[in-house]
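Read the numbers this way: they start at 1 and go in the same order the structure lists the ligands and their atoms.
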Amino acid sequence: MDRRLFVRLGLMAAAAPLFPKSLLASSVSDRLNVLSEEPLRRIAFGSCNDQTKNQSHWSWIARENPQLWIWLGDNIYADRATLDQRRDRYQSLKNNPDYKKFIDQVPVIGTWDDHDYYNENADGSYADKDGSKELMLEFMDTAWDHPVWARPGVFQSYGFGPVGQRTQIILLDLRYFQDRNKNQKSLLGELQWQFLEDEIRSSTADLILIGSSLNVCSPVVFASLEGWQAFPAEKQRLYNLLASIDKPCVLMSGDRHMGELYRIILPNGKPVYEVMASGLTHAIGIKLPSKERQGEPVGRKHFGLINIDWTSSGPDVQLRLQSAERSEVYHSLATNFAF
Ligand SMILES: [Fe+2]
(Lines give C-alpha, C1' and ligand atoms only; values in the text may rest on other atoms or scores of the structure.)
Protein backbone atom coordinates (compact mmCIF):
# COMPACT_ATOMS: atom_id res chain seq x y z
CA MET A 1 0.00 0.00 0.00
CA ASP A 2 1.18 3.51 -0.74
CA ARG A 3 2.58 5.05 2.45
CA ARG A 4 0.65 8.31 2.10
CA LEU A 5 -2.63 6.40 1.76
CA PHE A 6 -1.67 4.31 4.79
CA VAL A 7 -0.89 7.43 6.83
CA ARG A 8 -4.25 8.95 5.79
CA LEU A 9 -6.01 5.75 6.88
CA GLY A 10 -4.12 5.99 10.16
CA LEU A 11 -5.33 9.54 10.71
CA MET A 12 -8.90 8.46 9.90
CA ALA A 13 -8.55 5.62 12.39
CA ALA A 14 -7.39 8.01 15.09
CA ALA A 15 -10.60 9.99 14.54
CA ALA A 16 -12.74 6.83 14.40
CA PRO A 17 -11.79 4.46 17.23
CA LEU A 18 -13.84 1.59 15.78
CA PHE A 19 -11.20 1.18 13.07
CA PRO A 20 -9.28 -1.96 14.13
CA LYS A 21 -5.95 -0.77 15.54
CA SER A 22 -4.27 -4.04 14.58
CA LEU A 23 -4.53 -3.05 10.92
CA LEU A 24 -2.22 -0.11 11.58
CA ALA A 25 0.66 -2.11 12.96
CA SER A 26 3.14 -4.00 10.83
CA SER A 27 4.32 -7.39 12.07
CA VAL A 28 7.77 -5.87 12.71
CA SER A 29 6.39 -3.14 14.96
CA ASP A 30 4.22 -5.76 16.71
CA ARG A 31 7.34 -7.78 17.44
CA LEU A 32 9.20 -4.67 18.59
CA ASN A 33 6.30 -3.89 20.92
CA VAL A 34 6.47 -7.37 22.42
CA LEU A 35 10.24 -7.07 22.71
CA SER A 36 9.94 -3.71 24.46
CA GLU A 37 8.61 -5.58 27.53
CA GLU A 38 11.48 -8.09 27.69
CA PRO A 39 15.04 -7.58 28.96
CA LEU A 40 17.40 -7.51 25.98
CA ARG A 41 19.95 -10.30 26.30
CA ARG A 42 21.30 -10.74 22.79
CA ILE A 43 21.57 -8.16 20.03
CA ALA A 44 23.19 -8.69 16.63
CA PHE A 45 24.27 -5.94 14.29
CA GLY A 46 26.36 -5.23 11.22
CA SER A 47 27.04 -3.06 8.20
CA CYS A 48 28.50 -3.02 4.70
CA ASN A 49 26.17 -5.44 2.95
CA ASP A 50 26.50 -5.53 -0.85
CA GLN A 51 23.13 -6.88 -1.95
CA THR A 52 24.65 -8.33 -5.15
CA LYS A 53 26.90 -10.62 -3.10
CA ASN A 54 26.10 -13.90 -1.35
CA GLN A 55 23.71 -13.37 1.56
CA SER A 56 24.26 -16.70 3.33
CA HIS A 57 25.53 -14.82 6.43
CA TRP A 58 21.91 -14.40 7.58
CA SER A 59 21.72 -18.07 8.54
CA TRP A 60 24.91 -17.73 10.65
CA ILE A 61 23.49 -14.69 12.41
CA ALA A 62 20.13 -16.43 13.00
CA ARG A 63 21.93 -19.35 14.70
CA GLU A 64 22.85 -16.96 17.52
CA ASN A 65 19.15 -16.34 18.20
CA PRO A 66 19.39 -12.55 18.49
CA GLN A 67 16.31 -10.78 19.84
CA LEU A 68 17.02 -7.83 17.57
CA TRP A 69 19.02 -6.98 14.44
CA ILE A 70 20.48 -3.48 14.06
CA TRP A 71 21.61 -2.19 10.66
CA LEU A 72 24.52 0.23 11.04
CA GLY A 73 24.71 1.55 7.50
CA ASP A 74 25.82 0.71 3.97
CA ASN A 75 22.96 -1.77 4.28
CA ILE A 76 22.81 -1.86 0.49
CA TYR A 77 25.08 -0.31 -2.13
CA ALA A 78 23.26 2.15 -4.38
CA ASP A 79 25.85 4.80 -5.25
CA ARG A 80 24.41 7.67 -7.31
CA ALA A 81 21.25 5.62 -7.90
CA THR A 82 17.95 7.33 -8.63
CA LEU A 83 15.24 6.80 -6.04
CA ASP A 84 13.59 4.20 -8.30
CA GLN A 85 16.88 2.34 -8.66
CA ARG A 86 17.47 2.53 -4.91
CA ARG A 87 13.99 1.16 -4.24
CA ASP A 88 14.75 -1.77 -6.57
CA ARG A 89 18.02 -2.51 -4.78
CA TYR A 90 16.34 -2.50 -1.37
CA GLN A 91 13.67 -4.77 -2.83
CA SER A 92 16.23 -7.18 -4.26
CA LEU A 93 17.67 -7.63 -0.76
CA LYS A 94 14.21 -8.01 0.71
CA ASN A 95 13.43 -10.67 -1.89
CA ASN A 96 16.59 -12.60 -1.06
CA PRO A 97 15.44 -15.89 0.51
CA ASP A 98 18.15 -15.84 3.21
CA TYR A 99 17.32 -12.29 4.31
CA LYS A 100 13.60 -12.93 3.99
CA LYS A 101 13.82 -15.93 6.31
CA PHE A 102 15.91 -13.92 8.78
CA ILE A 103 13.51 -10.97 9.05
CA ASP A 104 10.60 -13.39 9.47
CA GLN A 105 12.30 -14.38 12.75
CA VAL A 106 14.09 -11.27 13.98
CA PRO A 107 12.79 -7.69 14.30
CA VAL A 108 14.94 -5.06 12.58
CA ILE A 109 15.84 -1.45 13.31
CA GLY A 110 18.70 0.61 11.95
CA THR A 111 20.34 3.65 10.49
CA TRP A 112 22.09 4.36 7.20
CA ASP A 113 25.51 5.40 5.92
CA ASP A 114 26.80 6.93 2.69
CA HIS A 115 26.31 4.09 0.18
CA ASP A 116 22.65 3.43 1.01
CA TYR A 117 21.88 7.13 1.69
CA TYR A 118 23.31 8.27 -1.67
CA ASN A 119 27.00 8.02 -2.53
CA GLU A 120 30.56 7.64 -1.17
CA ASN A 121 31.04 10.17 1.67
CA ALA A 122 27.76 11.96 0.78
CA ASP A 123 26.62 14.76 3.11
CA GLY A 124 23.44 16.72 3.83
CA SER A 125 23.50 18.53 0.49
CA TYR A 126 21.91 15.53 -1.30
CA ALA A 127 18.73 16.93 -2.91
CA ASP A 128 16.67 13.71 -2.68
CA LYS A 129 17.53 12.92 0.94
CA ASP A 130 13.88 12.90 2.07
CA GLY A 131 12.96 10.45 -0.68
CA SER A 132 15.94 8.30 0.27
CA LYS A 133 14.83 8.42 3.93
CA GLU A 134 11.36 7.17 2.97
CA LEU A 135 12.84 4.19 1.09
CA MET A 136 15.15 3.35 3.97
CA LEU A 137 12.38 3.44 6.60
CA GLU A 138 10.12 1.35 4.37
CA PHE A 139 12.94 -1.17 3.95
CA MET A 140 13.17 -1.40 7.76
CA ASP A 141 9.36 -1.80 8.01
CA THR A 142 9.41 1.14 10.42
CA ALA A 143 6.01 1.54 12.09
CA TRP A 144 3.89 4.20 10.39
CA ASP A 145 3.32 5.97 13.68
CA HIS A 146 7.02 6.13 14.67
CA PRO A 147 8.06 9.78 15.27
CA VAL A 148 11.03 9.38 12.87
CA TRP A 149 8.65 9.83 9.92
CA ALA A 150 7.63 13.30 11.09
CA ARG A 151 11.06 14.85 11.69
CA PRO A 152 14.09 15.40 9.43
CA GLY A 153 16.72 12.64 9.25
CA VAL A 154 16.53 9.03 10.44
CA PHE A 155 17.76 9.32 14.06
CA GLN A 156 15.71 7.16 16.44
CA SER A 157 15.51 5.98 20.05
CA TYR A 158 14.07 2.72 21.44
CA GLY A 159 13.63 1.39 24.97
CA PHE A 160 13.53 -2.32 25.81
CA GLY A 161 12.99 -4.19 29.06
CA PRO A 162 11.50 -3.53 32.49
CA VAL A 163 12.81 -1.11 35.12
CA GLY A 164 16.17 -2.37 36.41
CA GLN A 165 16.84 -4.29 33.18
CA ARG A 166 16.24 -1.55 30.68
CA THR A 167 18.30 -1.00 27.52
CA GLN A 168 18.02 2.17 25.49
CA ILE A 169 19.19 2.07 21.89
CA ILE A 170 19.82 5.40 20.17
CA LEU A 171 20.53 5.31 16.44
CA LEU A 172 22.25 8.36 14.99
CA ASP A 173 22.05 9.80 11.48
CA LEU A 174 25.49 10.94 10.32
CA ARG A 175 24.43 11.83 6.76
CA TYR A 176 21.30 13.96 6.59
CA PHE A 177 22.71 16.90 8.58
CA GLN A 178 26.42 16.54 7.77
CA ASP A 179 28.05 19.73 6.46
CA ARG A 180 31.80 19.81 5.81
CA ASN A 181 31.77 23.22 4.11
CA LYS A 182 30.99 25.45 7.05
CA ASN A 183 33.71 27.09 9.18
CA GLN A 184 32.41 24.97 12.02
CA LYS A 185 31.98 21.56 10.34
CA SER A 186 28.84 19.75 11.40
CA LEU A 187 28.22 16.00 11.73
CA LEU A 188 24.96 15.59 13.69
CA GLY A 189 23.41 19.03 13.30
CA GLU A 190 21.93 20.94 16.22
CA LEU A 191 18.45 19.39 16.04
CA GLN A 192 19.92 15.90 16.39
CA TRP A 193 22.30 17.03 19.15
CA GLN A 194 19.32 18.32 21.14
CA PHE A 195 17.56 14.98 20.64
CA LEU A 196 20.64 12.99 21.67
CA GLU A 197 21.32 15.13 24.74
CA ASP A 198 17.67 15.03 25.84
CA GLU A 199 17.48 11.25 25.34
CA ILE A 200 20.68 10.56 27.27
CA ARG A 201 20.15 13.04 30.11
CA SER A 202 16.55 11.95 30.71
CA SER A 203 17.21 8.23 30.21
CA THR A 204 15.87 5.78 32.78
CA ALA A 205 17.79 2.92 31.16
CA ASP A 206 20.37 0.71 32.88
CA LEU A 207 22.44 0.38 29.70
CA ILE A 208 22.72 2.78 26.76
CA LEU A 209 23.73 1.58 23.30
CA ILE A 210 24.44 4.19 20.64
CA GLY A 211 24.54 3.23 16.96
CA SER A 212 26.79 5.45 14.82
CA SER A 213 27.42 4.45 11.21
CA LEU A 214 30.93 5.96 11.42
CA ASN A 215 33.70 4.91 13.79
CA VAL A 216 33.87 7.06 16.91
CA CYS A 217 37.07 6.20 18.82
CA SER A 218 39.74 5.68 16.14
CA PRO A 219 42.24 8.58 15.98
CA VAL A 220 42.84 7.92 12.26
CA VAL A 221 40.88 9.54 9.42
CA PHE A 222 41.79 10.54 5.90
CA ALA A 223 39.95 11.43 2.71
CA SER A 224 38.44 8.00 2.07
CA LEU A 225 38.39 6.86 5.68
CA GLU A 226 35.66 8.70 7.55
CA GLY A 227 35.14 8.93 11.29
CA TRP A 228 34.20 11.21 14.18
CA GLN A 229 37.89 12.15 14.36
CA ALA A 230 37.29 14.41 11.32
CA PHE A 231 34.83 16.37 13.50
CA PRO A 232 36.93 16.89 16.65
CA ALA A 233 34.55 19.40 18.29
CA GLU A 234 31.63 16.98 18.00
CA LYS A 235 33.69 13.99 19.11
CA GLN A 236 34.60 15.97 22.22
CA ARG A 237 30.94 16.97 22.71
CA LEU A 238 29.92 13.29 22.58
CA TYR A 239 32.63 12.29 25.06
CA ASN A 240 31.56 15.14 27.39
CA LEU A 241 27.94 13.99 27.15
CA LEU A 242 28.83 10.37 27.94
CA ALA A 243 31.03 11.51 30.85
CA SER A 244 28.12 13.50 32.29
CA ILE A 245 25.95 10.46 33.02
CA ASP A 246 26.46 7.61 35.42
CA LYS A 247 25.30 4.82 33.12
CA PRO A 248 27.17 2.16 31.15
CA CYS A 249 27.46 3.13 27.47
CA VAL A 250 28.46 1.06 24.45
CA LEU A 251 28.97 2.53 20.99
CA MET A 252 28.23 0.41 17.90
CA SER A 253 29.65 1.41 14.52
CA GLY A 254 30.37 0.20 10.98
CA ASP A 255 31.61 1.57 7.63
CA ARG A 256 35.34 0.72 7.61
CA HIS A 257 35.14 -2.85 6.29
CA MET A 258 36.84 -4.26 9.37
CA GLY A 259 35.95 -5.26 12.89
CA GLU A 260 37.45 -3.57 15.94
CA LEU A 261 36.82 -3.29 19.68
CA TYR A 262 37.81 -0.18 21.60
CA ARG A 263 37.92 0.72 25.28
CA ILE A 264 38.39 4.39 26.02
CA ILE A 265 38.67 6.10 29.37
CA LEU A 266 36.99 9.50 29.50
CA PRO A 267 38.72 12.32 31.44
CA ASN A 268 36.54 11.63 34.51
CA GLY A 269 37.69 7.98 34.51
CA LYS A 270 34.52 6.53 33.00
CA PRO A 271 35.14 3.63 30.58
CA VAL A 272 33.21 3.54 27.29
CA TYR A 273 33.38 0.73 24.76
CA GLU A 274 32.98 0.72 21.00
CA VAL A 275 32.36 -2.31 18.85
CA MET A 276 32.77 -1.73 15.14
CA ALA A 277 31.21 -4.52 13.06
CA SER A 278 31.82 -3.71 9.45
CA GLY A 279 31.86 -6.20 6.70
CA LEU A 280 28.93 -8.57 6.21
CA THR A 281 29.84 -9.23 2.56
CA HIS A 282 33.36 -7.78 2.27
CA ALA A 283 36.09 -7.02 4.80
CA ILE A 284 39.78 -6.18 4.93
CA GLY A 285 42.01 -6.03 7.99
CA ILE A 286 44.25 -2.98 8.21
CA LYS A 287 46.04 -2.37 11.49
CA LEU A 288 45.62 1.37 11.99
CA PRO A 289 47.41 2.88 14.99
CA SER A 290 45.30 3.21 18.15
CA LYS A 291 46.20 2.93 21.83
CA GLU A 292 42.59 2.22 22.68
CA ARG A 293 41.84 -0.68 20.32
CA GLN A 294 41.61 -3.98 22.15
CA GLY A 295 43.38 -6.75 20.24
CA GLU A 296 43.75 -7.08 16.49
CA PRO A 297 41.36 -5.85 13.79
CA VAL A 298 39.15 -8.47 12.14
CA GLY A 299 39.59 -8.59 8.36
CA ARG A 300 37.15 -11.38 7.56
CA LYS A 301 33.42 -11.19 6.98
CA HIS A 302 31.71 -10.78 10.34
CA PHE A 303 28.87 -9.37 12.41
CA GLY A 304 28.66 -7.92 15.92
CA LEU A 305 26.96 -9.51 18.90
CA ILE A 306 26.22 -7.99 22.31
CA ASN A 307 25.34 -10.41 25.10
CA ILE A 308 23.81 -8.86 28.21
CA ASP A 309 23.57 -10.74 31.51
CA TRP A 310 21.16 -9.08 33.93
CA THR A 311 21.62 -11.53 36.81
CA SER A 312 24.32 -9.52 38.62
CA SER A 313 23.85 -6.05 40.15
CA GLY A 314 24.70 -4.14 36.96
CA PRO A 315 24.53 -5.49 33.42
CA ASP A 316 27.41 -7.79 32.46
CA VAL A 317 27.99 -6.99 28.81
CA GLN A 318 30.05 -9.07 26.41
CA LEU A 319 31.03 -7.67 23.01
CA ARG A 320 31.75 -10.07 20.18
CA LEU A 321 32.86 -10.04 16.58
CA GLN A 322 31.73 -13.26 15.01
CA SER A 323 32.25 -14.91 11.63
CA ALA A 324 29.58 -14.40 8.97
CA GLU A 325 30.79 -17.58 7.23
CA ARG A 326 31.23 -20.23 9.91
CA SER A 327 30.74 -20.88 13.61
CA GLU A 328 33.74 -18.92 14.88
CA VAL A 329 34.17 -16.06 17.33
CA TYR A 330 36.94 -13.76 16.06
CA HIS A 331 37.08 -11.47 19.06
CA SER A 332 35.34 -11.30 22.41
CA LEU A 333 35.60 -8.72 25.16
CA ALA A 334 34.00 -8.72 28.60
CA THR A 335 33.27 -5.15 29.62
CA ASN A 336 33.85 -3.63 33.02
CA PHE A 337 31.98 -0.38 33.56
CA ALA A 338 33.23 0.20 37.10
CA PHE A 339 35.15 3.43 37.72
FE1 LIG B 1 30.17 4.05 4.71
Side-chain angles (χ1 to χ4, degrees), residues 45-53 55 57 69-81 85-86 89-90 93 108-126 128-129 132-133 135-137 139-140 153-156 170-180 185-189 192 210-231 234-235 238 251-262 274-286 288 290 297-304 321 324:
F45 54 96
S47 65
C48 306
N49 186 64
D50 182 339
Q51 73 283 358
T52 65
K53 293 188 168 147
Q55 296 289 314
H57 44 277
W69 170 257
I70 306 176
W71 281 111
L72 285 171
D74 299 331
N75 309 327
I76 59 163
Y77 282 72
D79 287 33
R80 295 197 173 275
Q85 290 167 334
R86 186 166 296 118
R89 290 177 201 185
Y90 274 127
L93 177 55
V108 170
I109 58 175
T111 187
W112 59 16
D113 201 36
D114 48 348
H115 296 285
D116 39 354
Y117 166 74
Y118 177 47
N119 188 35
E120 172 86 358
N121 297 2
D123 64 13
S125 63
Y126 172 40
D128 275 335
K129 61 186 178 181
S132 183
K133 165 187 170 173
L135 297 178
M136 181 276 215
L137 294 178
F139 168 71
M140 304 275 175
V154 301
F155 58 86
Q156 301 149 65
I170 301 171
L171 302 176
L172 299 177
D173 179 342
L174 304 192
R175 293 294 158 193
Y176 191 99
F177 305 95
Q178 192 187 127
D179 187 347
R180 296 189 294 268
K185 292 189 300 181
S186 160
L187 182 59
L188 295 194
Q192 185 172 196
I210 300 175
S212 157
S213 61
L214 299 181
N215 175 282
V216 180
C217 297
S218 167
V220 182
V221 283
F222 43 85
S224 58
L225 191 77
E226 297 181 283
W228 281 68
Q229 186 67 25
F231 301 84
E234 292 195 51
K235 182 169 175 174
L238 178 65
L251 305 164
M252 302 170 290
S253 59
D255 175 61
R256 289 192 169 190
H257 304 178
M258 54 184 149
E260 291 182 322
L261 300 175
Y262 290 84
E274 176 176 4
V275 49
M276 181 170 74
S278 176
L280 286 167
T281 57
H282 47 291
I284 46 166
I286 302 175
L288 298 167
S290 170
V298 171
R300 304 177 75 172
K301 291 184 267 186
H302 64 278
F303 61 96
L321 294 170

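For D113 atom OD2 and D114 atom OD1, the angle they make at the Fe ion (ligand 1) is roughly 90°, to 10 degrees.
Panel note: side chain K129, backbone Y176; a donor-acceptor pair is recorded below 3.5 Å.
Taken from CZ in F155 to CG in L174, the straight-line distance is 12.0 Å, to the nearest 0.5 Å.
W112 pairs with exactly one of D173, N75, D74 by the side-chain hydrogen bond (donor to acceptor under 3.5 Å, both in side chains) rule, that one being D173.
At a cut-off of 2.8 Å, D255 is counted among the residues with an N, O or S atom near the Fe ion (ligand 1).
Between the side chains of Q229 and N215, not a single donor N or O lies within less than 3.5 Å of an accepting N or O.
The Fe ion (ligand 1) lies closest to atom OD2 when only the N/O/S atoms of D74 are considered.
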